[in-house]
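Basis for what follows: all heavy atoms, side chains included, without hydrogens, waters or symmetry-related copies.
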Amino acid sequence: MPAPSSRMLHLDVLKALAAQVIVWHHLSAYGPVAETVQDFLPGLMAALYHYGRMGVQVFLVVGGFLCARGLAPQREPLNGTLPQLGRLLGRRYLRLAVPFFAAVLLTLACSALVAPWLPDLVPASVNLAQLLSHALLLHGVLGHEALTVGAWYVAIDLQLFALLLGLLWCARGMPRARAMAPALVLAVTLASLWVFNLDDGLDNWAPYFFGAYGLGALVHWLSPSRARGRWLLVLSLSVLAALACDFRGRIALALVTALVLALLQWRHEGGRPLLAPGRLGALVGHLGTHSYALFLVHFPICLLVNALFEQKDADHPGVALGSMLGAWLLSNLAALLFYRWVEAPAGRLRLRWPRLQPA
């Protein structure tokens with residue numbers, strides 16, 4: 001049996017697809033370009049608007065998978081002091097917040113440029129408290145207006161990481177700790193699906209989204225198990241039961257994503273990866289690597305393209321469609337630069353605290 005490639009391109013496929021869909025969702029939702037295209041392609045625009053935003057669920061499932069892989073690859077609990085936990089959380093914060101706040105500043109600069117033409121798309125005012133809350137990823141819980149699209153997701157990502165970190169740490173002193181770590185994650189995942197995710201008033205807090213995130217983590221831990229098929233069936237039936245009580249399309253997509261991810265991961269581990277190394281694999285890996293940068297930087301590009309369109313020919317369908325395609329292409333180009341000069345350096349930042357070791 002051939003050895004699996006060290007690069008898990010199936011994860012890059014999922015991240016790349018989710019990022020591109022989210023970009024198109026926002027292009028369909030904001031500005032005169034979207035309004036003009038809506039007039040002659042109403043069905044497509046409605047689909048992008050209503051279903052494109054659910055691409056975030058793919059990010060949540062993949063995020064849970066990757067964090068479980070990084071924190072507890074063998075289902076082990078985490079053993080360490082609170083400062084050591086803080087070091088891991090701090091590293092995650094730097095990796096998320098530094099590029100995010102750079103994107104916020106870029107968005108504000110672009111907002112200032114386009115304000116005369118797009119007053120409805122820019123903040124009416126920005127104060128120091130609002131900026132600080134974004135820098136600390138607390139804007140949602142403090143009730144501050146988001147300064148860029150998708151800001152909620154970045155804050156929730158940090159909360160979800162912290163919650164998973166805490167669950168793995170709590171399992172360290174329990175009997176059969178290696179089994180209790182995923183058991184705690186499963187319990188909170190089900191609690192999210194059955195309780196927290198039913199209350200939209202909790203959508204600024206991690207438990208609301210942990211159902212999708214926990215599914216990703218559990219898929220990672222199930223992959224090497226001989227009974228993975230049976231456990232995955234039990235997990236799927238539990239999610240379907242929650243959906244039978246209260247159907248939510250976003251949770252259904254999270255379940256489908258988890259099942260697809262499990263299948264692709266098993267193929268990868270069996271030496272039958274989704275994509276073989278080569279030009280296509282390199283392109284997919286490239287798109288996956290730059291997915292977070294694209295998520296962060298596409299809205300400023302959207303603002304600039306909409307402002308230019310508003311000044312030129314705001315009623316021409318062909319120009320509007322070309323502007324939308326141009327905004328998508330420019331967003332992907334801007335993501336390359338943003339990743340190289342902002343996200344990659346932020347990923348190399350380190351806190352000089354003691355290292356945390358698995359139990």
Side-chain angles (χ1 to χ4, degrees), residues 8-31 34 37 41 43-67 96 99-100 103 140 146 148-158 160 192-193 197 200 203 206 208-217 219 239 243 247-264 274 283-302 324-325 327-329 331-332 334-335 338-339 343:
M8 294 192 289
L9 290 174
H10 54 286
L11 295 177
D12 290 309
V13 169
L14 293 174
K15 291 193 296 180
L17 286 175
Q20 300 295 335
V21 167
I22 290 168
V23 170
W24 280 104
H25 162 67
H26 288 143
L27 290 175
S28 74
Y30 297 104
V37 177
L41 290 175
L44 175 62
M45 295 295 281
L48 288 173
Y49 179 78
H50 291 293
Y51 300 112
R53 57 187 171 184
M54 291 200 297
V56 173
Q57 298 298 317
V58 178
F59 271 133
L60 290 170
V61 173
V62 173
F65 180 97
L66 289 171
C67 286
L96 290 171
F100 168 69
T148 188
V149 299
W152 67 269
Y153 172 80
V154 184
I156 288 298
D157 187 287
L158 182 65
L160 289 167
S192 174
L193 296 173
N197 191 255
D200 289 342
D203 63 357
Y208 183 85
F209 298 95
F210 198 82
Y213 195 81
L215 285 176
V219 163
V239 178
L243 291 175
F247 184 81
R248 289 145 284 169
R250 61 186 185 276
I251 300 301
L253 178 59
L255 175 60
V256 171
T257 302
L259 294 174
V260 170
L261 178 55
L263 174 61
L264 295 178
L274 176 66
L283 175 62
V284 168
H286 171 87
L287 293 173
T289 298
H290 294 81
S291 59
Y292 183 50
L294 177 63
F295 180 81
L296 293 177
V297 82
H298 72 275
F299 187 62
I301 301 299
C302 176
M324 185 172 286
L325 290 170
W328 172 66
L329 291 171
S331 295
N332 279 275
F338 192 85
Y339 177 83
E343 185 186 351

Evaluation steps, side-chain contact (heavy atoms from CB on, under 4.5 Å), between Leu274 and Leu9: CA-CA 7 Å; Leu274 176 66; Leu9 290 174; over 6 Å; no
Which heavy-atom pair separates [X] from [Y] by the least distance, and what is that distance?
X      : Y      : answer
Gln57  : Ala212 : OE1-CB, 3.5 Å
Tyr208 : Ser192 : O-OG, 3.5 Å
Leu193 : Gly211 : CD2-CA, 3.8 Å
Val58  : Leu14  : CG1-O, 3.6 Å
Gly52  : Val21  : O-CG1, 3.4 Å
Leu253 : Gly55  : CD2-N, 4.5 Å

[atom1] of [X] to [atom2] of [Y]: how many Å apart, nearest 0.5 Å?
X      : Y      : atom1 : atom2 : answer
Leu66  : Phe59  : CG    : CZ    : 11.0 Å
Leu27  : Ile22  : CG    : CD1   : 12.0 Å
Leu158 : Leu96  : CG    : CG    : 6.0 Å
Phe295 : Ser331 : CZ    : OG    : 13.0 Å
Ile301 : Leu329 : CD1   : CG    : 11.5 Å
Asp157 : Leu60  : CG    : CG    : 8.0 Å

By side-chain hydrogen bond (donor to acceptor under 3.5 Å, both in side chains) - contacts of [X] (at least two apart):
X      : value
Asn197 : Arg248, Arg250
Trp328 : Gln20
His26  : His298

Residues in side-chain contact (heavy atoms from CB on, under 4.5 Å) contact with [X], at least two apart in sequence or another chain:
X      : value
Ala206 : Gln159, Leu160, Leu163
Ala46  : His50
Ala34  : Met45
Leu255 : Ser236, Val239, Leu240, Leu259

Full working for side-chain contact (heavy atoms from CB on, under 4.5 Å) between Leu261 and Leu11: CA-CA 8 Å; Leu261 178 55; Leu11 295 177; 3.3 Å; yes
Phe100/Thr148 under side-chain contact (heavy atoms from CB on, under 4.5 Å): CA gap, chis, key distance, verdict: CA-CA 10 Å; Phe100 168 69; Thr148 188; 4.0 Å; yes
Counterpart residues, ring-ring contact (aromatic ring centres under 6.0 Å, His included), relative to Tyr49 (two or more places apart):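 With sequence neighbours excluded, Tyr49 shows a ring-ring contact (aromatic ring centres under 6.0 Å, His included) to His25, given in chain and number order.
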Residues in ring-ring contact (aromatic ring centres under 6.0 Å, His included) contact with Phe338, at least two apart in sequence or another chain: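 ring-ring contact (aromatic ring centres under 6.0 Å, His included) list for Phe338, sorted by chain: empty.
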Test item: Leu287 and Asp12 side chains (from C-beta on) under 4.5 Å apart, heavy atoms: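 A side-chain contact is absent here, since even the closest heavy-atom pair is not under 4.5 Å.
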Test item: Leu296 and Val154 side chains (from C-beta on) under 4.5 Å apart, heavy atoms: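 In short, these two side chains touch, coming nearer than 4.5 Å.
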All pairs passing side chain to side chain donor-acceptor pair (under 3.5 Å) where residues 284-296 contributes a residue, at least two apart: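 Qualifying pairs: Arg7-Thr289.
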Evaluation steps, side-chain contact (heavy atoms from CB on, under 4.5 Å), between Tyr213 and Cys67: CA-CA 9 Å; Tyr213 195 81; Cys67 286; 3.0 Å; yes
Within the 6.0 Å centroid threshold, strictly below: Phe209 and Trp152: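 Ring-ring flag for Phe209/Trp152: true, centres closer than 6.0 Å.
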